[in-house]
Protein chains: 2
Amino acid sequence: MNKYSVKKLSQLAGVSVRTLHLYDKMDLLKPSVRTGAGYRLYGEKELLRLQQILFYRELDFPLKEICDILDDPAFDLMQALEEHKVALLARKERINTLIGTIEKTLVTLKNNTMLQAADLYEGLPVEKVAECRTAAMSKWGKDMILEVEDTLRALGSQEMAAMQTELNNITNRLTTLIGDPQHEKVQQCIARRYEIITRLTGGKIAPGKLEYFRTLGELYAADKPDVTADGLPSRQMAVFISEATAYYHKNTRH
Amino acid sequence: MNKYSVKKLSQLAGVSVRTLHLYDKMDLLKPSVRTGAGYRLYGEKELLRLQQILFYRELDFPLKEICDILDDPAFDLMQALEEHKVALLARKERINTLIGTIEKTLVTLKNNTMLQAADLYEGLPVEKVAECRTAAMSKWGKDMILEVEDTLRALGSQEMAAMQTELNNITNRLTTLIGDPQHEKVQQCIARRYEIITRLTGGKIAPGKLEYFRTLGELYAADKPDVTADGLPSRQMAVFISEATAYYHKNTRH
DNA sequence: TATAGGGTATGACCTAAGGTAAGAGTCAAG
DNA sequence: CTTGACTCTTACCTTAGGTCATACCCTATA
């Protein structure tokens, strides 16, 4: 029966000495014997056990649970594996969402077409703007449109930029929270969003104002089907926000 | 300009007060001002910044990196996002591998048909065993087969079980390491595996012995196409092991 | 004016799985 | 007998906070 020192065993198994010390202290892998000087010596059985430990560790099982797997005879390994698999699937799903979010953010960054605040119509094709204004005036009335433009200009470019940046942030954050419109954090974002939009539109949201904002936004995003009016990354997102907002208004007294 | 206390801001943003303390200490989010009593007060700009922080945090960016993103004007956000995406893709790939490993392990557990060590042929259809033995004897000689059987029996059921468990472990571990046959840890496993097989076959691996082991294994695994001779979870795994073993023998002097 | 309740600040200890280092003891070879 | 390699224990560091403990601050009410 040959014995392995910590170093030999660590090299054999490809782990650090520290790891063996740790496993010893947490009763996951004890040496078969200690020399008079306190040196740890491991036998074949321990090497065997270490192999098992490393297998489960590689699967991202926490060491405590590995301890149970190996020591508790009543432990249901198959069930543990099934559950672990479910947990891994959830992690994978979350990562997929994150990757999607990043991709959308990159798209938004690449063709950053948010309203640039300083000059309302700068950068837009002149004839399209004119067409849009005319259409909007005949739809919601000339005064409404002028009021919107005044409100925007009155804010000053700094505050305007700040608010739009924050709207941007909130939309980004909502992207990460997509799912349950009634979720607490979602509702917090919606409340904040509502407040900003209210201020953007000069104190109250009259019919027509928001729509005109949207129409302007659509002009900017005309050739990017993936980025909707107010910077929303997708139709799914728009639906989500409108659901969350509906719930918000239903449960809030202004 | 309204100011938020820690609690108000924490409720507004859906984080804990502790989190705000932490972000303060690590210079990620400082209050805009402190009262005479040392109370933290945050303004709109800070709320804005917190929204950004939470967005990147949700994407699993470490807080230190968020600090850079927000404070370093030279920071290349797009590149950071691209890199982060790559990292997330790698994590996802790893999780996929883990899920695959678990599934294979579950298959192996469900129809646990590894050699049961104590009684060599127990549990096998008698006529198949006879047929197999006869074929093997005519192929590699009667003496060889008898020698194999003697070797196995001579080991005693305990050691036999131990070694097979360890072989099992090693195969499991190799499953998690699949990829580069020359990788250090792979080669450690292969060395260990070689040692055990050598002992299992009575000191030397003569042509025929291993093949007979395999044939026996195939009997056990006959109706499970996914589990090959010696418990390998797949053909891919078999190829991987044989490559790694070839490299091992080429670089080792026995 | 005193007190009760709630908000706040700081500091300390805890999590998982070790990395890294310090200081001291052990072992085998020259 | 010394040197170098090995080993021991102890302790501090990492992430992103959670959870006390203790003490201070503020305000409303009796």
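Convention: sequence-line order gives letters A, B, ...; per-chain numbering from 1.
- Here A:E58 pairs with B:R173 under the salt bridge (charged side-chain N to carboxylate O under 4.0 Å, His left out) rule; sequence neighbours left out.
- Applying the side chain to side chain donor-acceptor pair (under 3.5 Å) criterion to B:E103, with sequence neighbours excluded, gives A:K85.
- Between A:L50 and A:A13 the shortest heavy-atom distance is CD2-CB, 3.4 Å.
- Nearest heavy atom pair, residue B:I66 against residue B:I53, reads CD1-O, 3.7 Å.
- No side-chain heavy atom of B:P31 sits under 4.5 Å from any side-chain heavy atom of B:L41.
- Counting heavy atoms from C-beta outward, A:I95 and A:K92 have side chains that stay 4.5 Å or more apart.
- Rounded to whole angstrom, the span from the OH atom of B:Y39 across to the C1' atom of C:dT8 amounts to 4 Å.
- In this structure, the separation between CD on B:E93 and CG on B:L98 is 10.5 Å, given to the nearest 0.5 Å.
- Side-chain nitrogen and oxygen atoms of B:R34 include at least one within less than 4.0 Å of the OP1 or OP2 phosphate oxygen of C:dT10.
- Non-hydrogen atoms lying under 4.0 Å from DNA chain D are contributed by A:H21, all within residues 20-30 of chain A.
- When side chains are defined from C-beta on, A:R91 counts as touching A:D60, because their heavy atoms get closer than 4.5 Å.
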- Message: A:V186 vs A:D180, test: side-chain contact (heavy atoms from CB on, under 4.5 Å). Steps then yes/no.
- Response: CA-CA 8 Å; A:V186 172; A:D180 174 18; over 6 Å; no
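- Against DNA chain C, the stretch residues 61-69 of chain A makes heavy-atom approaches under 4.0 Å through A:P62, A:L63, A:K64.
- Screening residues 71-81 of chain A for side-chain hydrogen bond (donor to acceptor under 3.5 Å, both in side chains), with sequence neighbours left out, gives A:R49-A:D71, A:Q79-A:E83.
- Within the structure, the ring pair (Phe, Tyr, Trp, His ring centres under 6.0 Å) test picks out no pair touching residues 15-46 of chain B (sequence neighbours left out).
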Interface polar pairs with nucleotides 19-22 of chain C, N/O, under 3.5 angstrom:
residue	atom	partner	partner atom	Å
C:dG19	OP2	A:S16	OG	2.8
C:dG19	N7	A:R18	NH1	3.1
C:dG19	O6	A:R18	NH1	2.5

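- Under the rule for a ring-ring contact (aromatic ring centres under 6.0 Å, His included), the partners of A:Y56 that lie at least two apart in sequence or sit in another chain are A:F61.
- When rounded to the nearest whole Å, the span between NZ of A:K8 and C1' of C:dC27 equals 12 Å.
- In the region residues 84-92 of chain B, proximity to DNA chain C at under 4.0 angstrom, judged on heavy atoms, holds for none of the residues.
- With hydrogens and angles left out, the side-chain atoms of A:E46 and A:Y4 include no donor and acceptor closer than 3.5 Å.
- For the residue pair B:K3 and B:S32, a side-chain donor N or O sits within less than 3.5 Å of a side-chain acceptor on the partner.
- Within the structure, the salt bridge (Lys or Arg N to Asp or Glu O under 4.0 Å) test picks out the following pairs touching residues 15-24 of chain A (sequence neighbours left out): A:D24-A:K30, A:D24-A:R34, A:D24-A:R40.
- The end-to-end axis angle of the helix from C:dT1-D:dA30 to C:dG30-D:dC1, rounded to 10 degrees and based on five pairs per end, is 40°.
- Note on B:S5: only backbone sugar-phosphate atoms sit closer than 4.0 angstrom, heavy atoms only; bases stay farther off.
- Counted within 6.0 Å of CD on A:Q182, heavy atoms from surrounding residues, nucleotides or ligands total more than 12; the atom is thus considered enclosed.
- Contacts between chain B and DNA chain D, taken as any atom within less than 4.0 angstrom of a protein heavy atom, begin and end at D:dT15 to D:dC26.
- Side chain of B:H84 to backbone of A:I99: no donor-acceptor contact under 3.5 angstrom is found.
- Between the side chain of B:T101 and the backbone N or O of B:T97 there is at least one donor-acceptor pair closer than 3.5 Å.
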